[in-house]
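These notes are about the structure you will find just below.
From a predicted model like this one, the values you see are computed outputs, not experimental measurements. Throughout, a chain's letter reflects where its sequence line sits, starting with A, and its residues are numbered from 1.
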Amino acid sequence: MAERDRRATNFIRQIIDKDLAAGIHTNIVTRFPPEPNGFLHIGHAKSICLNFGIAQDYHGSCNLRFDDTNPAKENIDYVNAIKKDVSWLGFTWHNEARYSSDYFDLLYGFALELIEKGLAYVDFSEQEAVREMRGTLKQPGTNSPYRDTNVAENLIHFEKMRQGDYKEGQCSLRAKIDMASNFMCMRDPIIYRVRFVHHHQTGDKWCIYPMYDFTHCISDAIEGITHSLCTLEFQDNRRLYDWVIENISIECVPRQYEFSRLNLEYTVLSKRRLIQLVDENHVQGWDDPRMPTIAGLRRRGYTPDSIVEFCKRIGVTKVDNMVEMSMLEACIREELNDSAPRRMAVLDPIKIIIENYPDDKVELLQAPNHPNKPEMGTREVPFTRELFIEAEDFKEAANKKFKRLVIGKEVRLRNAYFIKAERFDQDAHGNVTCVYCTFDDSTLGNDPQDGRKAKGVIHWVSATKGLKAKVCLYDRLFTVPNPGAQDDFSQSINPESLIEKQAVVEPALMLGEQGQGFQFERVGYFSIDGSSSQNSLVFNRTVGLRDSWQN
RNA sequence: UGGGGUAUAGCCAAGUUGGUAAGGCAACGGGUUUUGAUCCCGUCAUUCGUAGGUUCGAGUCCUGCUACCCCAGCCA
């Protein structure tokens with residue numbers, strides 16, 4: 001526990017520690033505020049672990065709040081998917097899920113307050129004009145001709161906006177701040193726009209919708225959020241966040257702190273690009289096992305714990321970062337190495353015939369489910385005269401670094417006997433079609449008395465008792481470490497990100513639930529796909545075994 | 001001289017009254033092994049973007065410089 005706490009430390013927790021010590025707060029309240037316009041991804045997991053993790057460790061609470069101020073892009077399916085993913089990761093939000101739209105009435109009231117204070121005005125400038133008047137990064141903007149409209153008139157116009165008397169784009173409500181500010185977001189930001197769009201929560205009640213900068217800070221204040229954590233690109237927006245809170249009548253003063261978003265090598269983590277991958281059918285959906293989404297990782301065979309562990313390991317800072325895939329992979333390997341039952345599966349089968357083994361005999365061998373954990377028990381593996389082994393596990397001849405089957409040499413069949421390769425058949429293309437072997441019946445469960453050593457250990461499946469299965473081998477979705485930096489990232493999609501194998505697996509694999517993880521010995525970790533059934537088994541490779549063998 | 005941020009190993013990241021560079025991932029040696037896995041043992045920053053300064057002593061303080069990221073949606 002002590003070690004966990006030390007690992008979890010980061011600059012935000014240190015700020016919280018100080019706030020607590022100074023008596024600024026006695027109870028910590030955070031929130032996770034996704035926009036329901038897409039599925040959650042591993043980058044969101046970082047934010048989820050941060051916000052919910054703080055709530056847990058400080059005995060505070062964390063709200064789930066859908067930031068649903070742009071109904072044109074959002075929908076209820078995403079709301080449901082997000083709830084499912086947060087829950088699956090193992091987190092529980094405080095009370096019911098919230099929506100920014102829950103506060104539309106209050107928000108409207110605060111907008112009125114701003115107008116009454118002379119701090120907001122209805123601007124009828126065209127969108128293009130608004131942009132021109134905003135100035136540039138190095139030049140100040142100019143005031144809108146509508147900036148000095150009196151309060152009474154603004155009140156009338158805003159009311160008409162709400163009633164639907166103005167068209168989309170005809171006008172907007174702007175905060176009156178400073179057109180010369182170095183912070184672009186302070187140059188009279190638009191806080192309400194007209195949108196005749198149906199909203200998944202509020203239906204057709206509204207035709208004006210508040211903007212993020214106006215909504216988020218007030219929502220935080222309403223909910224009593226103490227520490228509002230977001231990503232680095234909102235650093236400038238903090239000035240507006242604070243301005244709004246200072247200029248409306250509200251008690252709570254939440255503080256915003258920014259941390260750097262996660263970047264993962266060989267994938268993309270921006271909502272826009274993930275939507276593109278789905279819409280353009282580069283993947284089969286949001287839960288495609290190649291996707292860095294929570295749903296995709298789940299289907300790939302990642303567990304909640306492994307994702308949470310990953311988030312702990314990467315930490316929270318303000319440094320721009322690019323995390324290696326190996327970091328994520330190490331987390332799931334570590335867990336599955338410990339928990340996954342071992343099985344045997346041959347992905348690229350060639351037949352071997354054990355000539356001195358009886359034709360009709362079937363031996364049910366007991367094989368441990370885990371080599372280092374006898375408490376996990378055993379399962380039966382049928383052994384027969386004809387077996388399949390991995391094509392790459394046989395060579396006619398090889399040097400001694402090749403710890404597999406070679407003509408005239410012996411290997412151990414995992415959990416079974418020593419066999420010796422005698423001769424083989426090949427087809428017209430030179431592909432090995434069958435290897436003829438002999439076995440030593442004294443080698444089950446022990447090495448030969450005469451001290452002979454096997455070249456190595458290979459896995460196998462009975463040719464007559466094994467089951468056919470589809471095995472999906474997933475690789476990185478992109479061929480370059482930072483595809484997001486490319487103009488057209490679809491050009492660098494890895495054509496071999498999915499390879500389907502017609503494999504043969506041991507019968508024990510018939511029993512298993514969807515999502516369950518196994519280690520196929522010497523091959524990798526696999527989980528049962530959602531589409532799998534007893535009649536047609538489908539496995540997804542979660543991650544390969546660590547492989548230090550150099551060819 | 002727009003503003004806001006960030007620089008510690010290949011990657012992530014500790015380092016907080018200045019006291020002599022944690023840990024993880026990766027990599028590389030060696031041992032164990034009926035998985036080329038796991039496990040075990042060992043190696044991996046004389047140096048903290050850079051140039052100066054203060055100090056007995058600087059990753060931590062001061063000054064200059066450099067590099068990279070973010071900001072000109074009626075997106076979030």
Review point. How far, in whole Å, is B:G15 from B:C75 if one measures between their P atoms?
Key: 40 Å

side-chain hydrogen bond (donor to acceptor under 3.5 Å, both in side chains) pairs touching residues 409-420 of chain A, sequence neighbours excluded, are A:Glu363-A:Tyr417, A:Glu410-A:Arg452, A:Arg412-A:Asp447, A:Arg414-A:Glu521

Rounded to whole angstrom, note down the P distance from B:G31 over to B:U8. 37 Å

Here the ring-ring contact (aromatic ring centres under 6.0 Å, His included) pairs for residues 121-141 of chain A, sequence neighbours left out, are A:Phe124-A:Tyr146, A:Phe124-A:His157, A:Phe124-A:Tyr166

- Query: Mind checking the P distance from B:A13 to B:A58? Whole angstroms is fine.
  - Reply: 27 Å

Hey, what are the protein-to-nucleotides 65-71 of chain B N/O distances that come in under 3.5 Å?
{"unit_1": "B:C69", "atom_1": "O4'", "unit_2": "A:Asp320", "atom_2": "OD2", "d": "3.3"}

Residue set satisfying salt bridge (Lys or Arg N to Asp or Glu O under 4.0 Å) with A:Glu128, at least two apart, ordered chain then number -> A:Arg131

* **Whole-angstrom distance between B:C11 and B:C44, as gauged at atom C1'** => 14 Å

- Do A:Arg65 and A:Asp220 sit within salt-bridge range, that is, some charged N less than 4.0 Å from a carboxylate O? yes

Rounded to whole Å, CD of A:Glu309 lies from P of B:G23 at a distance of 17 Å

Exercise. Assign A:Thr317 to base, sugar-phosphate, or nothing according to its heavy-atom contacts below 4.0 angstrom with the strands shown.
Key: sugar-phosphate

Distance between the C1' atoms of B:U50 and B:C39, in whole angstroms? 44 Å

With sugar-phosphate meaning primed atoms plus P, OP1 and OP2, does A:Ser270 contact a base, only sugar-phosphate, or nothing at under 4.0 Å between heavy atoms?
nothing

- Sub-6.0 Å ring centroid separation between A:Phe539 and A:Phe520: yes

Out of B:G4, B:A7, B:C74, minimum distance to the side chain of A:Val319 belongs to B:A7

Those residues at least two apart in sequence (or on a different chain) that pass salt bridge (Lys or Arg N to Asp or Glu O under 4.0 Å) with A:Arg261 are A:Glu233

The salt bridge (Lys or Arg N to Asp or Glu O under 4.0 Å) partners of A:Asp320 (sequence neighbours excluded) come to none

NA contact type, A:Glu35, heavy-atom cut-off 4.0 Å: base, sugar-phosphate, or nothing? sugar-phosphate

What residues 69-79 of chain A contributes to the RNA chain B interface at heavy-atom separation below 4.0 Å is A:Thr69, A:Asn70, A:Lys73

Hits for side chain to side chain donor-acceptor pair (under 3.5 Å) against A:Asn237, two or more places apart or cross-chain, chain-then-number order -> none

Protein-proximity profile, nucleotides 26-36 of chain B, B/S/- by nucleotide at the 4.0 Å heavy-atom cutoff, equals SS------BBB

Sequence neighbours excluded, the answer for salt bridge (Lys or Arg N to Asp or Glu O under 4.0 Å) partners of A:Arg239 is none

Glycosidic torsion of B:G73 (syn if within 90° of 0, anti otherwise) classifies it as syn

Taken to the nearest whole Å, OH/A:Tyr212 to C1'/B:G73 is 15 Å

So what does A:Arg187 touch, heavy atoms closer than 4.0 Å: a base, only the sugar-phosphate, or nothing? nothing

With sequence neighbours left out, the residues meeting side chain to side chain donor-acceptor pair (under 3.5 Å) with A:Tyr103 are A:Glu223

* **Distance between P atoms of B:C70 and B:G29 (Å, rounded)** => 40 Å

>> I'd like the C1' distance from B:G23 over to B:U6, given in whole Å.
In response: 22 Å

Side chain to side chain donor-acceptor pair (under 3.5 Å) filter on A:Asn70, not counting sequence neighbours, yields none

Margin query: With a 3.5 Å distance limit and no angle check, can you tell me whether A:Asp188 reaches the backbone of A:Ile177 through a side-chain donor-acceptor pair?
Written below: yes

